[in-house]
K.L.:
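First, the structure itself, so that you have it in front of you.
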Protein chains: 2
Amino acid sequence: MPTMADIAKRAGVALSTVSHTLSGKRPVSAEVRQRVLDAIAELEYQPHALARALATKRTRTIALLYPKVSTSLPEPHFEFISSIVEVASSKNYGLLLWTPSDDDGAVLRMIQQGFIAGLVLMEVRLDDPRVEMLKKQNYPFTLIGHCRDNTGINFVDMDFDYALHMCVDYLAGLGHKHVAFINHSSKLYEMGAGYVIRSHEAFMHAAEQHNLCGIVYPCESNAQAGYEVVLAALTENPATTAIITSNAWINGGITRAIYDRGLKIPEDISLMGILSPSVAEMTTPALTTIDFPYKEMGRIGADMLIRQLEGEQIATQLLLKPSLIIRQSSGPSKR
Amino acid sequence: MPTMADIAKRAGVALSTVSHTLSGKRPVSAEVRQRVLDAIAELEYQPHALARALATKRTRTIALLYPKVSTSLPEPHFEFISSIVEVASSKNYGLLLWTPSDDDGAVLRMIQQGFIAGLVLMEVRLDDPRVEMLKKQNYPFTLIGHCRDNTGINFVDMDFDYALHMCVDYLAGLGHKHVAFINHSSKLYEMGAGYVIRSHEAFMHAAEQHNLCGIVYPCESNAQAGYEVVLAALTENPATTAIITSNAWINGGITRAIYDRGLKIPEDISLMGILSPSVAEMTTPALTTIDFPYKEMGRIGADMLIRQLEGEQIATQLLLKPSLIIRQSSGPSKR
DNA sequence: CTGAAAGCGCTAACAC
DNA sequence: GTGTTAGCGCTTTCAG
């Protein structure tokens, strides 16, 4: 592989001239410029980004901290990933996926290795040690999600408070009085995952406001778990006429549990999800949802980070308001 | 951030000694070694991986070429991604996701920038220009999927021929005589995506063997498209009693089309998928499937690549035989 | 406008 | 065992 020195020799100019015709950081005469470009073309020269990164202390790689997927399936993180990789690629950045071995020091070590220009964090906890650390290090990062204290950090998140209120308002409007909310796993509760806790609280608050009976159930992310939780819920409160879930992988289980109880959707039980259309339409009947703006969140998160890296001064804290999409799984309460 | 020079000074030794106590590539006396380690601990020194990479011409980052996701949703590539990132992280490699802007030169340019030690390709075409190029460059890579000509390349793939025969054998055994296979989009056909074409051919072959009427339909990856294709299929051949699909995102559409025709699953129509359990269990009734070994393929693909990078001489061409998982969507033909 | 040379932080000969 | 030094391929001062 040819290096800059090869080009310089070939074009009969100094190394620095090659560098500058490439970067445009200082004027180069048209004639010399052409000679250099010709040499580059002839030798099929390709700048070595790694060497450049060492010299400039800047890379064009951002990293997404990818949560460890344990036994359960991951939430539709892939919807974030697709949009982030799209934005990154379009701006000529690479996206590095990385799972820190242990949450604390590993992140720090990673960013000190010089490969990564900035981070996108997801699965953010209300009090997130990673965020604390990154702030202290003054390292560029953005959050998909947000903490309890967000002073001075850029984030984009869905407004879960709004979303859950919207769900409950809608169901209350249909006359439902007993609704169950199937939330994420208790492991995520324990971790203090922001969206899980905010959803929980918002749901309880909304239920109270409407003066209806609301019960929350944590649930692992697999169909079997969903099945069992719904059976339990229908047993605990047989008056239940509506179920909300924010957990994409359990829909099948929920549906089957309802059917196995001899109930119909939406005649006997209304079902709502907080998830993406693609998932909502995989189930039959298609799920009425709060449309989780995965794509947009990923896009904005990556975009904010890259802008920040390019020197733009930004201070963005965005809480997206999702919209309600009524499909076939919800209807008026009969009781 | 402290550098090696700082450590050397602090410990009162030469730079190279620090380097060597870190790498173990030459003996260091216990006493000196300890001084160095102390200095490292005190200054919280972290080796700069980028600089090391420049010096050694080796990195610990592998890249997954991420197909451009256009309008349709991506196939469950995320299942590959999770397992690849898992393997990579566990072996201390980073995984870079990257979407080449244009299929040919971009890949070459990328790998010449020095950041990437090797590539995992997916969405492999029967005659894949990327593969040709990488072979010519003698660049380390592995395939998830495989080409027509695979001499000298490492790959892991599912045995689609086996899978489709398994499907058809099973359905034929249940007495089905008219089966439709809903394959991926015609765009993927045109691209020459290996799995799409191999599935098609295997299905036709199996149908012929069993002397049953088999029709293949290409289909975009969204529920609406699935819905329409199934309506069309049931119109074209009302005798159809079984439908196979390898397309994860259209299940909902398929099911609803069947119901809208007043048919029942599995009483009137048997449904089978070639997909992962998580997806199979999202639909109701849960889908009988050929269990697509995403995880295993991702794991093996990444593992092969990393071994190769670490100097192991490997020559692996693996065609995984999936297994049949009978759930609730299939049953004997009534006609 | 252009060239020479000093780094970026590390590895790996090459000396002693 | 340890120290010295020449790179890796590029950017960026500093001279001219």
K.L.:
Round to a whole Å and report the spacing from CG of Leu22(A) to C1' of dG9(D).
P.N.:
13 Å

K.L.:
Check every strand shown and say whether Ser16(B) touches a base, only sugar-phosphate, or nothing at a heavy-atom separation below 4.0 Å.
P.N.:
base

K.L.:
Which is more 5' along DNA chain C, the nucleotide nearest Leu15(A) or the one nearest Glu31(A)? Just name the residue.
P.N.:
Glu31(A)

K.L.:
Can you measure His20(A) atom NE2 to dG9(D) atom P for me and round it to whole angstrom units?
P.N.:
20 Å

K.L.:
Measure across Met297(A) and Met158(A) and return the closest heavy-atom pair with its distance rounded to 0.1 Å.
P.N.:
CE-N, 3.6 Å

K.L.:
Establish whether the base of dG1(D) is bridged to the side chain of Arg35(B) by a donor-acceptor pair shorter than 3.5 Å.
P.N.:
no

K.L.:
Specify whether Phe115(B) and Phe115(A) have parallel, tilted or perpendicular ring planes, treating 30° as the upper limit for parallel and 60° as the lower limit for perpendicular.
P.N.:
perpendicular

K.L.:
Could you tell me whether the side chain of Pro100(B) reaches within less than 4.5 Å of the side chain of Met110(B), counting heavy atoms only?
P.N.:
no

K.L.:
DNA chain D: Ala55(B) or Val13(B), which has the more 5' nearest nucleotide?
P.N.:
Val13(B)

K.L.:
Describe the nucleic acid contact of Ser29(B) in one word from base, sugar-phosphate, nothing, applying a heavy-atom distance below 4.0 Å.
P.N.:
sugar-phosphate

K.L.:
With side chain to side chain contact (heavy atoms under 4.5 Å, CB included) as the test, pick out the partner of Ile300(B) among Leu318(B), Ile144(B), Leu305(B), Thr316(B).
P.N.:
Leu318(B)

K.L.:
Hey, which of these two, Lys25(A) or Thr17(B), hits DNA chain D nearer its 5' end, going by closest nucleotide?
P.N.:
Thr17(B)

K.L.:
Taking the side chain of Arg52(A) as heavy atoms from C-beta outward, which of dT11(D), dT2(D), dT4(D) is closest to it?
P.N.:
dT11(D)

K.L.:
Counting only side-chain N and O atoms of Lys57(B), is one of them less than 4.0 Å from OP1 or OP2 of dG9(D)?
P.N.:
yes

K.L.:
Are Lys91(B) and Asp303(B) within salt-bridge range, i.e. N to O under 4.0 Å?
P.N.:
yes

K.L.:
In whole Å, what is the span from the NE2 atom of His48(B) to the C1' atom of dC10(D)?
P.N.:
14 Å

K.L.:
Between Glu86(B) and Arg299(B) (salt bridge meaning N to carboxylate O under 4.0 Å), is one present in this structure?
P.N.:
no

K.L.:
State whether the number of non-hydrogen atoms from other residues, nucleotides or ligands found under 6.0 Å of Lys135(A) atom NZ is greater than 12.
P.N.:
yes

K.L.:
For the helix from dC1(C)-dG16(D) to dC16(C)-dG1(D), what angle separates the axis at the start from the axis at the finish, each from five pairs, in steps of 10°?
P.N.:
50°

K.L.:
Mind checking which nucleotides bracket the chain B contacts on DNA chain C, 5' to 3', with an atom under 4.0 Å from a heavy atom?
P.N.:
dG9(C) to dC14(C)

K.L.:
Leu50(B) CG to dC8(D) P: how many Å, rounded?
P.N.:
17 Å

K.L.:
Met4(B) CE to dT5(D) P: how many Å, rounded?
P.N.:
18 Å

K.L.:
Under a 4.0 Å N-O cut-off, is there an ion pair linking Arg60(A) with Glu310(A)?
P.N.:
yes

K.L.:
For a 4.5 angstrom cut-off between non-hydrogen side-chain atoms, does Ile116(B) reach Ile62(B)?
P.N.:
no

